[in-house]
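See below for the structure under consideration.
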Number of protein chains: 2
Amino acid sequence: MAIARHRAGRERRPTLEQVAERAGVGRGTVSRVINGSPRVSDRTRVAVEAAIADLGYVPHRAARALAGNRADAVALVVPEPETRLFAEPYFAAIIRGVTSELAEADIQLLLTLSSTASERERFAQYAAGNRVDGVLLVSVHGEDPLPELLAENGIPAVMNGRRSADEAFPHVDGDNVGGARAAVRHLLERGARAVATITGSRDMYAAQCRLDGYYAELAASGVDEDEGLVAHGDFSEEGGYRAMYELLGRRPRLDAVFCASDLTAAGARRALREAGRSVPGDVALVGFDDSAIARHMDPPLTSVRQPTEEMGRAMTRALLAEIAGEPAAAPGLILPTELVRRASS
Amino acid sequence: MAIARHRAGRERRPTLEQVAERAGVGRGTVSRVINGSPRVSDRTRVAVEAAIADLGYVPHRAARALAGNRADAVALVVPEPETRLFAEPYFAAIIRGVTSELAEADIQLLLTLSSTASERERFAQYAAGNRVDGVLLVSVHGEDPLPELLAENGIPAVMNGRRSADEAFPHVDGDNVGGARAAVRHLLERGARAVATITGSRDMYAAQCRLDGYYAELAASGVDEDEGLVAHGDFSEEGGYRAMYELLGRRPRLDAVFCASDLTAAGARRALREAGRSVPGDVALVGFDDSAIARHMDPPLTSVRQPTEEMGRAMTRALLAEIAGEPAAAPGLILPTELVRRASS
DNA sequence: TGCCGTGATGGGAGCGCTCCCACTTCGGTG
DNA sequence: CACCGAAGTGGGAGCGCTCCCATCACGGCA
């Protein structure tokens, strides 16, 4: 199971017992000081803290975990096929939010990539084996059994995004509908007459929300729906490319496109260039996610940004609260999005 | 220090003792089976494995760590200012390599972002506190005290990249010189007469190597050096943009540019467009890193790719070997790079 | 003056594992 | 047929903490 290993000759760290001896107190008292118990006199506390500093004492995490029946660690689970996630500023920001919030609570972050369903099941086992106090899930797809597996095992967990409108699992999500509405409103305000959209994968709720937002804003602005202006993509560049041609064929006079992702927009942009349409002259383009691609497209792409770092923080706070046994106020939290205007629109 | 927490009413997992009882053997024997000791008879082994499966037993990590004086975990340290790293496929691939190699050894990966110097010092303390068996370092800058801090504390560590030609700290790096040479050779073979280069940050060894490779290939091809064809950037887009104008001013007739990073190339490309030079018609362009930007530039950028996933694996293997106390063969390992040809050259 | 509550403290009893020593078998040897 | 070593096994002794109960000192109160 584990590999055989010899210990490197690392010097032994001081133990709580040694701190106690040095401070002239008992083990219990030192433990109380370390854990911030109020049942310690100020004089004693000061003495103990001095001893800790003198010895350079650092609590032994494993011993703590074993005695306290906790792990002081949470896992971040990334579906393997989604390692492209790493290539997203979105994800980087989530991690930044998560780590900063965890650092305050002195809790470690475990990174886990799980590809197959069986691997995810194995992970649930792991999690149950007291290895982690809670789990953060990103990029969960509709059929993923992991959330329910974790719930069954009573393991606190929070996920990023939702699988449906009535997601019961604790989650933190960006306001996809609001972001899409802002994007479409922006295009209309710029004077667009025929705003098309290229959707994301239909089995993903975020894609549905972005499409809903598109329809909602058109309705609010009194623009008639035209199914010919809606083409289906899959969040990929290739999908965006194909969908753009489809749209161009059906509605040659379209003058704006709201894309469900930046990658989709990149594909659409390529198709537009091939078709001899300029951006934003002939067709205005807006993406979603505000990824690295958006800034480096030609012209730079207007895109919808989610408050990702804050989402990471919020997820973590929610998870820590759940771990602490605090009753969840609401199953989920939706944070507002922001339109980042660039030259493409 | 840590936050107060109440346990969620999670059911207790079976212990090694219970497995032993069920299999009708002693604790020691079960432990031997779990750890793959050869000193167990086949019959016993089978019985124990059956009991483990029946009970759904999973070893308790903290108990193991405490008793075995190890952590079964390694940390990946990312300098905070470098969270842009996450936005690189480079980094994603490193992580993939690291996790796959660690999974085999059943070792966990801790992700740590450390920004300030004091935080890094604190991390060294942490690491020393038996929290991790080893450390993986990415994106280490020249003045970073962490490697030496870890070495002093006897903590096994491996870093990605080098700080100088005679890096003594264990490391795994890509062949920057070779990659640069391949890029320049490619440009020359395409018929370029005046190959310019935009360098990376001068304080980074990788930038130096790429420049060295540029010179080396020119020399090998019998082309005279021309300092006017070398402009200094800093790996950023803005730097590439400025450097490109500088080059254009000095050597208007240049017909190819080797850029020290894709981002640099993106900046150069923007400058070229403004200056009315076509790519690759007037000027051929090559980048380095093969990041997402490269694929999405217009035209797509030829770039040098490093075997990043393999680098992650290699780092991990080296670290595990060091942890196991195996004497390191060489301080470092350099892996070959590959030129990915696209339309920009 | 005696009694009791309260705040502060010490330390025993584990947490679930690994390490290692002692013990039992058993087949081969002299 | 006694003897010996190797192979296989059981279980005691921790690892460094937390939890919690017992103890103690000290006032205030009757």
Side-chain angles (χ1 to χ4, degrees), chain A residues 1-7 10 12-48 51-52 55 57-72 106 128-131 133, chain B residues 1-7 10 12-48 51-52 55 57-72 106 128-131 133:
Chain A
M1 210 144 175
I3 57 173
R5 267 173 303 150
H6 314 277
R7 260 300 78 189
R10 221 191 279 178
R12 264 212 147 30
R13 310 287 309 180
T15 70
L16 189 153
E17 186 106 37
Q18 288 165 33
V19 173
E21 194 184 354
R22 174 147 191 148
V25 301
R27 275 191 351 270
T29 302
V30 177
S31 177
R32 256 159 290 191
V33 170
I34 289 168
N35 293 294
S37 158
R39 312 183 67 71
V40 180
S41 71
D42 287 346
R43 261 169 31 98
T44 308
R45 183 185 310 282
V46 169
V48 171
I52 288 176
L55 265 42
Y57 170 74
V58 183
H60 191 295
R61 194 169 276 272
R64 249 188 163 178
L66 179 58
N69 191 31
R70 63 204 157 95
D72 277 346
D106 194 31
N130 264 319
R131 287 166 151 68
D133 296 324
Chain B
M1 211 148 174
I3 59 174
R5 270 177 296 154
H6 315 278
R7 259 301 77 191
R10 221 191 280 180
R12 262 206 150 34
R13 311 287 311 181
T15 69
L16 189 154
E17 186 105 38
Q18 289 163 35
V19 173
E21 194 184 356
R22 174 148 191 146
V25 300
R27 273 189 356 265
T29 303
V30 177
S31 177
R32 258 160 295 202
V33 170
I34 289 168
N35 294 294
S37 157
R39 314 183 64 72
V40 180
S41 71
D42 288 347
R43 260 168 32 97
T44 307
R45 182 185 310 281
V46 169
V48 170
I52 289 176
L55 264 42
Y57 169 74
V58 185
H60 191 295
R61 193 169 278 273
R64 252 187 160 180
L66 179 57
N69 191 30
R70 62 204 157 98
D72 276 345
D106 194 30
N130 263 318
R131 287 165 151 71
D133 296 324

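Chain A is the first sequence line, chain B the second, and so forth, proteins listed ahead of strands; every chain is numbered from 1. Everything numeric here is computed off the predicted structure, so don't read it as measured data.
Using a 4.0 Å cut-off, some side-chain N or O of B:T44 falls inside it from OP1 or OP2 of D:dT9. Remark: A:S41 is in phosphate contact with C:dT9, judged by side-chain N or O atoms under 4.0 Å from OP1 or OP2. For B:T29, a side-chain nitrogen or oxygen approaches OP1 or OP2 of D:dG10 to under 4.0 Å. Under 4.0 angstrom from either OP1 or OP2 of D:dT18 there lies at least one side-chain N or O belonging to A:S31.
Atom CG in B:N69 sits roughly 20 Å away from atom P in C:dG16 (whole-Å rounding). With rounding to whole Å, B:N35 atom CG is found 7 Å from C:dC19 atom P. What separates CZ of A:R131 from P of C:dG16 is a distance of 14 Å, to the nearest Å. Computed from coordinates, the A:Q18 CD to D:dG16 C1' distance equals 10 Å when rounded to whole Å. Rounding to whole angstrom units, CZ of residue A:R64 and P of D:dG16 are separated by 15 Å. The separation between B:L55 atom CG and C:dG16 atom P is 14 Å, rounded to whole Å. Residue A:R27 contributes atom CZ, which lies 15 Å from atom P of C:dC15 at whole-angstrom precision. In this entry the distance linking CD of B:E21 with C1' of C:dC17 reads 17 Å, nearest Å.
Under a cut-off of 6.0 angstrom, the local environment of CD in B:E21 is sparse, with at most 12 non-hydrogen atoms contributed by other residues, nucleotides or ligands.
Across A:I34 and A:Y57, no two heavy atoms sit closer than the pair CD1-CE2, 3.4 Å. Taking both residues in full, the closest heavy atoms of A:A51 and A:A23 are given as CB-CB, 3.8 Å, listed atom of the first, atom of the second, then distance. When all heavy atoms are compared, the tightest approach of B:R39 to B:R32 is O-CD, 4.1 Å.
Fit an axis to the five pairs at each end of the helix from C:dT1-D:dA30 to C:dG30-D:dC1 and the two axes sit 60° apart, to the nearest 10 degrees.
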Table of protein N/O atoms under 3.5 Å from nucleotides 4-6 of chain D N/O atoms:
none

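Side-chain proximity of A:L16 to C:dT18, D:dC17, C:dC17: nearest is D:dC17. With D:dG11, C:dG12, C:dC17 as the candidates, the nucleotide lying closest to the side chain of B:R32 is D:dG11. Comparing D:dT9, C:dG16, D:dC17 against the side chain of A:T15 picks out D:dC17 as the nearest. Each of D:dG10, D:dG16, C:dT18 was ranked by its minimum atom distance to the side chain of A:H60; first place goes to D:dG16.
No donor-acceptor contact under 3.5 Å links the side chain of A:R13 to the base of D:dG16. One cannot find a donor-acceptor pair under 3.5 Å joining the base of D:dG16 and the side-chain atoms of A:R61.
Each of B:A62 and A:V25 has a nearest nucleotide on DNA chain C; the 5'-most of these lies closest to A:V25. Of the two residues near DNA chain D, A:L66 and A:G28, the one whose nearest nucleotide lies more 5' is A:L66.
A donor-acceptor contact shorter than 3.5 Å is absent between the side chain of A:R22 and the backbone of A:L55. Not a single donor-acceptor pair under 3.5 Å links the side chain of B:R64 to the backbone N or O of B:H60. Side-chain atoms of B:R13 never come within 3.5 Å of backbone atoms of B:V58 as a donor-acceptor pair (strictly under, hydrogens ignored).
Under the rule for a salt bridge (Lys or Arg N to Asp or Glu O under 4.0 Å), B:R45 has no partner lying at least two apart in sequence or in another chain.
The CG atom of A:N69 sits 9.0 Å away from atom CG of A:D133, with the distance rounded to the nearest 0.5 Å.
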task = Walk me through it: do A:V30 and A:V25 pass the test side-chain contact (heavy atoms from CB on, under 4.5 Å)?
result = CA-CA 7 Å; A:V30 177; A:V25 301; 3.7 Å; yes
